[in-house]
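Everything on this sheet refers to the single structure shown next.
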Amino acid sequence: MENLHHWIRDYFYAFHRQGFSFLYTKPPSHYLGYILENKNPIILIPGLFEKWYFMKEIADPLSLLGHPIYVLENLGYNTDEIHKAANLVNELINDKKLENIIIIAHSKGGIIAKDILVSFNKDKKVKKVITIATPFGGSGIIKYLPHKNLKELSPQSEIIKKLSKEKEVNKKIISIFGTFDNHVWPETSSYLEGAKNIQIKEYGHHKILSNKEVLEIILFEIENNY
């Protein structure tokens, strides 16, 4: 019953975020209108069926510190194939001539971010990736959800197996995950060998995005960029 309670609270949070995503389709003007010198550009990559608004509670404080915040509107609800989405991010990086980039990603977005490191970061423009509730090893829940947009998140998918073999880039990744995740089975799928793994006390795949400790970790990692 306790886990059911966490599921309900998490979906209530997700539906709330989804509702506001319909109302606020454009990011705040200060995301690219308030930029201070020597502040790393930040690219947001939300999860499957999500838009940028899901990550607003993280992005707003970073924007007010002077970081330029980039949102991929052409990513839609992030239902495209992982590698195709990674290519869209790479196009943004090249079009805007970005360097010293930090990517902050939720769920599927973190897998896209790792693919960027593997496939498109030979010039080392992406310096750090911070992921939240990302199933790097895939998730067992997928076998109960036979939707075509979810197949790539299966532990048996080709992209998951391919990226799992690429361990060298993991040193650029900080993986944050909770003690209970209703979408990532098992939670250890978010543990990434060679990365900086941080588990916090949070219950819920979406609700973790509003956790104050997550924001504190992100602020620390950005201010102590390597």
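Note that the numbering runs from 1 along the sequence shown for the chain.
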Exercise. Taking side chain as C-beta onward, heavy atoms only, is Leu215 less than 4.5 Å from Pro61?
Worked result: yes
Problem set entry | Exam field: side chain Ser189 to backbone Gly138, donor-acceptor pair closer than 3.5 Å | yes
Exercise. If we only count heavy atoms from C-beta on, is the Leu219 to Leu65 side-chain gap below 4.5 Å?
Worked result: yes
Exercise. Under the criterion side chain to side chain donor-acceptor pair (under 3.5 Å), which of Lys196, Lys114, Glu193 is the partner of Asn170?
Worked result: Lys114
Exercise. Are Lys39 and Glu223 close enough for a salt bridge, meaning some N to O gap below 4.0 Å?
Worked result: yes
Problem set entry | Straight-line distance of Lys108 NZ to Leu150 CG, nearest 0.5 Å | 8.5 Å
Exercise. How many angstroms lie between atom CG of Leu64 and atom CG of Leu36, to the nearest 0.5 angstrom?
Worked result: 10.0 Å
Exercise. Do Tyr203 and Lys201 come within less than 4.5 Å of each other through their side chains, counting heavy atoms only?
Worked result: yes
Problem set entry | Side-chain donor or acceptor of Glu152 paired with backbone N/O of Ile160 under 3.5 Å | no
For this session: Any chance you could measure Ile132, atom CD1, to Ile104, atom CD1, to the nearest 0.5 Å?
Result: 7.0 Å
Exercise. Which pair of non-hydrogen atoms, one from Pro155 and one from Lys161, has the smallest distance, and what is that distance?
Worked result: O-CG, 3.8 Å
For this session: State, to 0.1 Å, how close Ile141 and Asn182 come at their nearest heavy-atom pair, and which atoms those are.
Result: CD1-O, 3.4 Å
For this session: Dump the intermediate steps for side-chain contact (heavy atoms from CB on, under 4.5 Å) on Leu209 and Val214, then the final yes or no.
Result: CA-CA 7 Å; Leu209 291 170; Val214 170; over 6 Å; no
Exercise. Should the pair Lys26-Glu73 be classified as a salt bridge under the 4.0 Å nitrogen-to-oxygen rule?
Worked result: yes
Exercise. Does Phe136 offer a backbone N or O that forms a donor-acceptor pair with the side chain of Thr134 under 3.5 Å?
Worked result: no
For this session: Verify the distance criterion only: is there a donor paired with an acceptor across the side chains of His205 and Asp10 at less than 3.5 Å?
Result: no
Problem set entry | Side chains of Pro135 and Ile111 in contact at under 4.5 Å (non-hydrogen atoms) | yes
For this session: For residues Lys128 and Glu221, report the shortest heavy-atom separation together with the two atoms involved.
Result: NZ-O, 2.6 Å
Problem set entry | Heavy-atom pair with the smallest gap, counting every atom of Phe54 and Ala14 | CZ-O, 3.6 Å
For this session: For the residue pair His183 and His206, categorise the inter-ring angle as parallel (less than 30°), tilted (30 to 60°) or perpendicular (more than 60°).
Result: perpendicular
For this session: For residues Ser190 and Val184, report the shortest heavy-atom separation together with the two atoms involved.
Result: OG-CG1, 3.9 Å
For this session: Report yes if some heavy atom in the side chain of Glu202 is under 4.5 Å from a heavy atom in the side chain of Thr179; otherwise report no.
Result: no
Exercise. Can you tell me how far the CG atom of Asn197 sits from the CD1 atom of Ile174, to the nearest 0.5 Å?
Worked result: 10.0 Å
Exercise. Looking at side-chain heavy atoms only, is the closest gap between Asn40 and His67 below 4.5 Å?
Worked result: yes
For this session: Please say whether more than 12 non-hydrogen atoms of neighbouring residues, nucleotides or ligands are located less than 6.0 Å from CZ in Phe15.
Result: no
For this session: Check each of Leu92, Ile116, Val89, Ile93 against Ile101 using the side chain to side chain contact (heavy atoms under 4.5 Å, CB included) test, and report the only one that passes.
Result: Ile93
Problem set entry | For the student: nearest non-hydrogen atoms of Ala113 and Val129, plus distance | CB-CG1, 3.6 Å
Problem set entry | Check: Gln18 side chain, Phe49 main-chain N or O, donor-acceptor pair, under 3.5 Å | yes
Seminar exercise, completed: In this structure, CG of Asp115 is separated from CD1 of Ile45 (nearest 0.5 Å) by 10.0 Å
Problem set entry | Geometric class of the Phe20/Tyr24 ring pair [parallel <30°, tilted 30-60°, perpendicular >60°] | parallel
For this session: State, without any angle test, whether Asp60 and Tyr31 hold a side-chain donor-acceptor pair at a distance under 3.5 Å.
Result: yes
Problem set entry | Face-on cation placement of Lys96 at Tyr70 ring, 6.0 Å and 45° thresholds | no
For this session: Could you tell me the separation between the CG atom of Leu117 and the CD1 atom of Ile103, rounded to the nearest 0.5 Å?
Result: 6.5 Å
Exercise. Less than 4.5 Å apart, any side-chain heavy atom of Ile222 and any of Ile130?
Worked result: yes
Exercise. Counting distance only, does the side-chain N/O of Asn121 pair as donor-acceptor with the main-chain N or O of Val126 below 3.5 Å?
Worked result: yes
